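Written below as structure tokens is the structure these notes are about.
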Amino acid sequence: MRDSNWQKSSYSGASSECVEVRATNEAVELRESDESHVILRTTPAALSSLLHGVKAGEFDHHS
């Protein structure tokens with residue numbers, strides 16, 4: 001798989017304050033659109049685990 005373009009959620013609308021994501025050959029990368037120089041790189045499996053945990057409420061006690 002080749003590097004892809006940054007994508008943002010359709011829920012962001014015209015806002016420039018959102019999380020953007022893209023896939024690279026080895027990883028999934030995330031960044032804040034207004035801090036585009038800071039990039040979080042992770043594996044697809046780790047991101048999937050995080051998202052499942054968030055959806056299941058595993059981190060709700062931290063709010």
Side-chain angles (χ1 to χ4, degrees):
M1 168 178 30
R2 65 177 186 82
D3 289 357
S4 60
N5 294 325
W6 289 103
Q7 298 177 347
K8 71 176 187 173
S9 170
S10 60
Y11 291 105
S12 299
S15 174
S16 64
E17 297 177 5
C18 61
V19 175
E20 298 175 321
V21 63
R22 74 175 176 183
T24 68
N25 289 333
E26 313 85 31
V28 176
E29 296 180 335
L30 300 117
R31 70 180 183 183
E32 189 73 36
S33 59
D34 59 347
E35 294 285 336
S36 62
H37 64 282
V38 178
I39 297 173
L40 172 68
R41 180 175 289 148
T42 189
T43 65
L47 180 59
S48 177
S49 293
L50 173 66
L51 294 175
H52 281 105
V54 168
K55 289 178 181 180
E58 291 180 24
F59 308 104
D60 289 354
H61 65 281
H62 294 288
S63 57

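Computation of the quantities below employed the complete heavy-atom set of this structure, encompassing side-chain atoms and omitting hydrogens, waters and symmetry-equivalent molecules. The first residue of the sequence shown is numbered 1, and numbering continues consecutively from there. Given the structure is predicted, the values throughout are model-derived calculations rather than measurements.
Contacts of Glu20 classified as salt bridge (Lys or Arg N to Asp or Glu O under 4.0 Å), with partners at least two apart in sequence or in another chain: Arg31. Partners of Ser49 according to the side chain to side chain contact (heavy atoms under 4.5 Å, CB included) rule, which considers only residues two or more places apart in sequence or in another chain, do not exist here. Annotation: side chain to side chain donor-acceptor pair (under 3.5 Å) contacts of His52 (sequence neighbours excluded): Ser48.
At a threshold of 4.5 Å between non-hydrogen side-chain atoms, the residues Glu29 and Leu40 do not count as touching. Leu50 has its side chain out of reach of Thr42: every pair of non-hydrogen atoms, C-beta onward, lies at least 4.5 Å apart.
Hydrophobic clustering (side-chain heavy atoms under 4.5 Å, transitive across Ile, Leu, Val, Met, Phe, Trp, Tyr) groups Leu51 together with Val21. A continuous path of Ile, Leu, Val, Met, Phe, Trp and Tyr side chains, each step under 4.5 Å between heavy atoms, connects Val19 with Val28, placing both in one hydrophobic cluster.
Considering every non-hydrogen atom in both Glu58 and His61, the closest pair reads O-CE1, 3.2 Å. Residues Phe59 and Val54 share a closest heavy-atom pair of CE1-N, 3.6 Å.
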